[in-house]
Amino acid sequence: MAELIAKLKNGGLQGWINERIGSLTYVIDYASKKTVPMHRQSVWYYFGGLTLFFFVIQIITGLLLLLYYKPTESEAFESFVFIQKEVPFGWLIRQVHSWSANLMVLMMFIHMFSAYFMKAYRKPRELMWLTGFVLCILTLGLSFTGYLLPWNTLAYFAVKVGIQTITYMPGGDFIARIVQGGDEVTGETLTRMFGLHVVLLPGLTLLVLSAHLILMQTLGTSVPIGYRERGLVKGDEPFFPNFLMKDFIGWMIGFALLIFLSVVFPWEIGEKADPLQPAPEGIKPEWYFWAQFQYLKQVPPVVAIVTLTIAMILWALVPFLDKKASREERDPKFTLFGIFTLGFFLIECFIVYYEYYVKSPAAH
Amino acid sequence: MQIVRGEYDRSKRLEVIGETDAKRREAVESAQKTIVEDAETGGRRNFLTYLVGALGTLFVATILYPIARYSYPPERKKKVSNSAIVGKDGEVPPNSGKIFKFNDLPVMVLNVNGEYTAFSAKCTHLGCLVQYDAKANNVWCACHNARYNNDGTKISGPQPADLQKYGVKVQDGNIIVFKA
């Protein structure tokens with residue numbers, strides 16, 4: 001022991017670790033030489049980090065909520081109210097968890113669309129795009145499963161409507177039964193959603209996220225097509241500490257926004273879910289599902305499900321379809337597809353916003 | 001050789017290793033060196049370092065404080081009563097004991113030939129719940145062989161004290177436990 005301390009005191013910590021984990025320090029050394037290109041579009045590089053930041057907040061606040069939350073039909077709502085009314089700062093933890101979830105989804109969408117329009121998915125980053133796509137699905141899954149846990153009227157009916165849409169798919173009844181743990185949304189559903197929300201989905205997310213981040217370290221940051229050749233890249237700054245410090249500023253702004261929203265615009269507590277109560281007026285899913293929700297109202301459900309499924313598969317496989325981008329050439333077809341997808345989301349969301357908040361705001 | 005990221009093509013990758021990149025890193029390293037030297041010799045930079053450290057600590061403390069307060073379990077409202085009906089007369093047959101909940105605490109009610117006694121069921125040694133040993137006609141803790149009399153006073157074993165005594169009576173077929 002004395003020998004060890006003496007060795008460490010002589011600055012041999014790195015040497016000591018090196019002898020034991022060997023090449024891992026070379027990985028750290030390699031990562032410390034990572035650089036980030038500087039150009040007009042560099043601002044988009046912050047949104048992946050922001051998504052990660054809000055995900056970390058979700059883990060911390062989620063673990064804290066687990067100290068008091070009870071995932072059963074009879075106790076869920078009571079424990080949810082207990083957290084917010086009896087536990088010191090419980091209201092804050094719950095509000096931060098809810099708002100951080102929303103901000104995480106928002107940042108993820110910005111990150112995804114900016115990566116798309118900068119064609120960052122092109123060779124050799126196909127796997128980064130694919131892991132990102134899986135992370136997108138997992139994030140939406142986490143949002144959906146977490147939504148039921150307060151077990152209030154809003155959560156109950158939003159999840160009921162959400163699961164209903166699954167039944168339009170081929171074999172949907174079978175899947176809906178698995179998700180619900182029966183034919184209806186009951187306490188069985190709550191238990192399943194809880195398990196998915198706190199164990200399976202976060203576990204998968206961490207796994208896929210690790211792959212996404214390791215790829216990020218090895219492949220580095222993508223530069224838009226032609227930027228280097230045209231001399232638009234003003235240089236490459238070291239990731240550590242320069243870019244990380246800027247990232248940190250972004251996180252602090254995000255954190256300030258998060259606390260502001262949590263304190264000034266708290267989410268409601270609501271009434272305990274009652275399966276025998278009629279659905280409340282103006283029931284609708286969270287904003288990140290508005291586009292699909294509105295689209296389902298506009299076209300027959302089968303059409304909606306088929307077109308959305310095809311669009312999602314195309315979206316996931318874009319790195320393999322956009323062959324020109326892999327040759328560092330721009331293909332306007334794919335930019336148009338991106339604009340069309342983003343436009344679809346924005347227009348459908350606006351229609352929902354207009355119908356629920358502008359035309360008949362009485363329901364709120 | 002320095003590895004330049006963001007380029008798939010190896011020849012391109014080597015092309016873009018610019019002198020500017022090397023210069024930039026040199027500038028960063030010398031700036032960091034200056035910071036370290038300044039910190040050692042004192043001065044304005046030193047003051048700024050302390051200021052940032054203090055603000056950082058304050059920031060972390062503001063986050064940790066609510067988390068610590070939240071994690072410590074709040075007192076749940078509970079009714080404390082001086083006496084309560086814990087069960088029916090027939091629930092404790094002669095020469096047996098049963099543990100009931102009284103003010104959220106486990107209380108042993110003994111019935112030895114129709115004579116009732118009550119005391120805390122929590123052994124004063126390490127908190128195991130005790131039981132009535134009909135053969136020996138006394139109270140026994142299975143964890144470390146502590147023995148008590150039928151009124152909860154210590155006989156033998158590692159326990160430091162007697163079991164806390166409660167009053168007990170049977171009224172209209174109900175067993176009533178009250179604070180002694």
Side-chain angles (χ1 to χ4, degrees), chain A residues 29-39 57 60-61 63-68 82-83 85-94 96 120 122-126 216-224 227-229 231 233-242 248 252 255-256 259 326-328, chain B residues 1-36 39-40 45 48-49 51-79:
Chain A
D29 193 46
Y30 176 72
S32 72
K33 289 197 178 69
K34 182 174 133 83
T35 58
V36 179
M38 293 189 288
H39 52 78
I57 292 199
I60 296 169
T61 52
L63 285 171
L64 287 171
L65 290 173
L66 276 179
L67 294 182
Y68 298 105
F82 180 76
I83 289 171
K85 293 197 167 164
E86 308 285 333
V87 185
F89 295 103
W91 59 274
L92 183 63
I93 304 290
R94 185 258 167 158
V96 166
R122 70 187 187 275
K123 191 177 172 185
R125 297 189 179 75
E126 296 96 327
M216 173 73 206
Q217 288 300 322
T218 44
L219 294 169
T221 316
S222 166
V223 176
Y227 266 47
R228 279 206 195 274
E229 288 80 353
V233 178
K234 288 175 228 142
D236 298 83
E237 63 177 331
F239 177 81
F240 185 83
N242 297 37
F248 191 72
M252 287 302 100
F255 189 70
I259 300 298
S326 299
R327 295 194 301 264
E328 300 288 312
Chain B
M1 189 194 76
Q2 194 181 350
I3 297 158
V4 172
R5 297 140 204 277
E7 289 300 337
Y8 173 69
D9 191 13
R10 190 162 181 276
S11 58
K12 265 191 201 166
R13 207 196 276 165
L14 293 172
E15 244 170 62
V16 290
I17 301 175
E19 278 178 28
T20 45
D21 194 45
K23 275 181 191 160
R24 185 177 298 281
R25 286 200 66 81
E26 269 170 36
V28 169
E29 274 160 23
S30 79
Q32 285 169 338
K33 215 173 146 192
T34 321
I35 293 171
V36 174
E40 280 165 1
R45 239 181 232 288
L48 279 176
T49 310
L51 190 68
V52 169
L55 285 176
T57 312
L58 195 69
F59 177 72
V60 172
T62 4
I63 294 172
L64 289 183
Y65 176 72
I67 291 179
R69 283 290 309 279
Y70 174 90
S71 305
Y72 188 78
E75 285 294 331
R76 303 211 181 209
K77 287 165 204 147
K78 50 185 171 189
K79 280 186 220 155

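Residue numbers start from 1 in every chain, and the chains themselves are labelled A, B, ... in the order their sequence lines are given, proteins ahead of strands.
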**Study point:** salt bridge (charged side-chain N to carboxylate O under 4.0 Å, His left out) partners for A:Glu126, two or more places apart
**Key:**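 By the salt bridge (charged side-chain N to carboxylate O under 4.0 Å, His left out) rule, A:Glu126 matches no residue at all.
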**Study point:** Heavy-atom pair with the smallest gap, counting every atom of A:Thr221 and A:Thr35
**Key:**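 A:Thr221 and A:Thr35 have their closest heavy atoms at OG1-O, 4.2 Å.
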**Study point:** Exercise: identify the closest heavy-atom pair between A:Pro37 and A:Val223
**Key:**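 For A:Pro37 and A:Val223, the tightest heavy-atom pair comes out as CG-CG2, 3.5 Å.
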Sort [X] into side chain, backbone, both or neither according to what part of it lies under 4.5 angstrom from a heavy atom of chain B.
X: A:Tyr227; answer: neither
X: A:Ile83; answer: side chain
X: A:Leu65; answer: both

Under 3.5 Å, side-chain donor or acceptor atoms of residues 56-70 of chain B against the rest of the protein: list the pairs with distances, not counting sequence neighbours.
| residue | atom | partner | partner atom | Å |
| --- | --- | --- | --- | --- |
| B:Thr57 | OG1 | B:Gly53 | O | 2.6 |
| B:Thr62 | OG1 | B:Leu58 | O | 2.6 |
| B:Thr62 | OG1 | B:Phe59 | O | 2.7 |
| B:Tyr65 | OH | B:Arg69 | NH1 | 3.0 |
| B:Tyr70 | OH | A:Leu64 | O | 2.9 |

